Amino acid sequence: MVALSQKFSTSSLKFIPKQFCQYHLQQIQFQTTQPFIPFSQLQNQRNLLESHLISTLNGCTSLAQIKQTHAYVIRKGLDQCCYILTKLVRILTKMGIPMDNYAKLVFDQVEYPNPFLWTALIRGYALQGHVKKSVCVYSCMREEGSLPVSFTFSALFKACCTVLDVNLGRQIHTQTILIGGFSSDLYVNNSLIDMYVKLGFLGCARKVFDELPEKDLISWTELIVAYAELGDMESAGELFDKLPIKDMVAWTAMVTGYAQNAKPREALEFFERMQNEGVETDEVTLVGVISACAQLGAAKYANWVRGIAENSGFDPTRCVVVGSALIDMYSKCGSVEDAYKVFEAMEERNVFSYSSMIAGFAMHGCAFAAFELFHEMLKTGIKPNRVTFIGVLTACSHTGMVEQGRQIFASMEEEFGVSPAVDHYACMVDLLGRAGCLEEALNLAETMPLEPNGGVWGALLGACRTYGNPDIAQIAANHLFELEPNAIGNYILLSNIYASAGRWNDVSTVRKLMREKGLRKNPACSWLEAKKGVIHEFFAGDMTNPRSGQMKQELEDLLNRLKALGYQPNMSSVAYDVNDEEKRRLLMAHSEKLALAFGLLTISADWPIKIMKNLRICEDCHLFMCGVSQITGRVIIVRDNLRFHHFQAGKCSCGNFW
DNA sequence: CTAGGGTTAG
């Protein structure tokens with residue numbers, strides 16, 4: 001342990017050599033007037049007092065209460081009782097009272113700290129982020145000849161995770177081997193596995209796991225999660241299948257793993273299996289399932305999972321995590337109203353609930369609601385975090401509120417101490433770009449203090465598409481081709497920008513580049529959600545639907561009625577160099593138009609037409625939908641890969657910023 | 001004392 005204690009200066013922690021404590025003698029009084037009490041009974045009384053004090057400490061909710069209880073502990077002569085003091089230190093840690101302010105002082109008064117008290121101090125420093133001090137206390141503990149216990153090491157490994165120090169972790173790992181007796185200790189080894197996993201050393205974790213003579217559910221689950229986090233659901237599933245007994249946590253790890261790897265259907269399948277096996281569901285499981293439903297974006301699943309949440313005792317009004325997850329889900333399923341209903345009914349709200357709701361409003365173009373909520377949040381004293389600001393900034397950019405956006409951006413650091421990350425710069429570039437300030441957006445991207453990422457250049461490229469600026473587009477695209485050489489969308493966007501500008505030579509250059517890279521265009525696809533939740537799929541130009549004939553006729557009728565009102569097909573939305581007749585034909589075969597026609601033919605007028613699209617809605621379709629909502633009086637909701645558009649009475653909620 | 005968790009982007 002010499003290496004460790006040399007490495008971490010002990011100057012901040014002085015361990016006074018223990019002398020026979022004077023307190024001790026003062027406390028012992030001979031009360032001859034008292035009747036003789038047998039020793040066993042005395043011991044009993046002491047035990048009663050101790051357990052009474054422990055429960056009093058457990059019930060403490062403020063520092064004042066703790067101090068009061070502590071004074072009582074001293075009065076009762078229990079100031080050397082490690083059992084009680086360990087509890088005291090743990091409560092102080094939990095309340096976030098800095099170790100040096102209180103816990104350390106208590107500790108220094110104790111003459112013979114037992115391993116548990118040492119460990120409580122180590123753990124306290126570790127949890128409060130003072131890893132060096134925590135290791136230093138460990139060194140002192142060893143020098144004083146005290147032997148560590150299992151959770152001394154768990155605390156230390158946790159600490160290594162928080163400071164991302166795998167070398168320190170390895171040193172402590174070595175310690176567990178040197179001291180002996182811990183090689184098959186499950187607490188120690190599970191914490192060790194967890195540390196290696198969290199620090200990205202899956203190989204080391206796997207080695208510890210494989211060498212464990214007996215593993216428990218926790219060891220297995222840790223590894224399942226590790227594979228799931230790497231996106232290797234196959235390996236995770238293999239491990240899961242090998243598990244002789246599976247508990248709720250292990251099942252949940254699989255459900256969430258699928259949800260986090262964008263496999264919502266598999267997640268739901270797993271959840272169904274889990275329920276069939278009679279495994280219980282708690283709020284963590286629900287969060288995974290809700291997130292899967294959010295990805296599916298269908299109201300049918302949204303209502304289904306909400307029912308489950310309510311029936312399983314995790315009512316969104318009382319359970320913050322479930323409520324926040326539901327807010328996000330309803331927003332993504334197209335119903336910002338339902339999301340807000342959940343939000344309103346919640347008894348407790350935190351930064352997640354507010355941020356999700358703000359992002360939900362932003363997604364649906366309700367910028368003012370987003371702003372109002374942001375200010376309400378500030379009034380309640382909940383501090384906004386980086387995610388909250390992303391929501392507020394996207395609300396600005398989706399409604400063209402440039403000035404408000406600038407102000408918010410400036411206030412982030414000044415008022416709220418949240419320094420803007422690359423993503424926030426991307427929002428600003430997006431905001432400026434959507435508002436048409438392309439030069440300024442480019443300038444920001446080139447001069448920002450952080451290294452711009454794909455988001456920054458992508459936002460700029462998108463803006464160039466809207467405003468038809470092939471020159472700036474070229475700059476943005478060149479950065480993107482370096483940062484994301486295989487992202488097909490960027491090539492298509494650039495080629496479309498060239499096409500709109502009539503620069504057909506440049507179009508073929510980009511197409512050639514795509515061919516050389518072996519990249520293929522994702523087929524455009526739209527889904528229509530029918531009244532009962534059935535999903536219909538439409539590909540661009542695909543006429544295999546049995547009602548294709550009717551759909552084509554419907555579109556032509558609409559086109560003629562719209563033309564009478566002055567609508568002109570937007571030819572620049574077609575990225576092929578073909579004649580105008582062909583362009584008109586291609587435009588009418590866009591997947592979202594097919595879905596719209598099918599929806600008009602099959603869904604009754606009292607129901608909104610809900611369409612999802614895998615790519616961004618094109619300008620012509622956007623205009624077309626506006627017109628159709630006017631002449632038919634229908635509500636049309638389109639979720640593209642970016643956000644929601646609510647078309648009603650000839651207008652779109654996005655206000656043409658998208 | 002060790003395992004599963006919600007909000008973000010072009």
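Below, read A as the first sequence line, B as the second, and so on, with proteins coming before strands; counting in each chain starts at 1. Everything numeric in this text was worked out from a predicted model, so none of it was measured.
Checked against the 6.0 Å centroid criterion, the rings of A/Phe271 and A/Trp251 do not qualify as a close aromatic pair.
Nearest heavy-atom pair, A/Phe182 versus A/Ser150, reported as atom, atom and distance to 0.1 Å: CE2-N, 3.8 Å.
A straight line from NE2 of A/His424 to C1' of B/dT7 spans 12 Å, rounded to a whole angstrom. When rounded to the nearest whole Å, the span between CG of A/Leu326 and P of B/dG6 equals 13 Å. Counting to the nearest Å, the P atom of B/dT2 and the CZ atom of A/Phe182 are 16 Å from each other. Across the protein-nucleic acid pair, A/Asp423 atom CG and B/dA9 atom C1' stand 6 Å apart, rounded to whole Å. B/dA9 atom P lies 19 Å from atom OH of A/Tyr425, rounded to whole Å. Note: CG (A/Leu192) to C1' (B/dA3) measures 14 Å, nearest angstrom.
Of the side-chain N and O atoms in A/Arg386, none sit less than 4.0 angstrom from OP1 or OP2 of B/dA9. Close to B/dG4, at under 4.0 Å from its OP1 or OP2, lies no side-chain N or O of A/Gln260.
Side-chain atoms of A/Tyr187 lie closest to B/dC1 of the nucleotides B/dT7, B/dC1, B/dG10. Minimum atom distance to the side chain of A/Ser356 is reached by B/dT7, of the listed B/dG5, B/dT7, B/dC1. Considering only the side chain of A/Arg434, B/dG10 comes nearest among B/dA3, B/dC1, B/dG10. Listed nucleotides B/dT8, B/dA3, B/dG10 differ in distance to A/Ala359; the shortest reach to its side chain belongs to B/dT8. Proximity note for A/Thr285 (side chain, C-beta onward) versus B/dT2, B/dG10, B/dG4: the nearest is B/dG4. With distances taken from any side-chain atom of A/Val321 to the nucleotides B/dA3, B/dG10, B/dG5, the minimum falls on B/dG5. With B/dG6, B/dA3, B/dT2 as the candidates, the nucleotide lying closest to the side chain of A/Lys198 is B/dA3. For A/Phe151, whose side chain is taken as the heavy atoms from C-beta onward, the closest listed nucleotide among B/dC1, B/dT8, B/dG4 is B/dC1.
Here the options are A/Asn190, A/Asp194, A/Asn189, the test is side chain to side chain donor-acceptor pair (under 3.5 Å), and the partner is A/Ser219; only A/Asn190 passes.
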(request) For the pair A/Glu440 and A/Arg406, evaluate salt bridge (charged side-chain N to carboxylate O under 4.0 Å, His left out) and give the outcome as yes or no after the intermediate values. (result) CA-CA 12 Å; A/Glu440 198 183 341; A/Arg406 279 192 226 263; 2.6 Å; yes

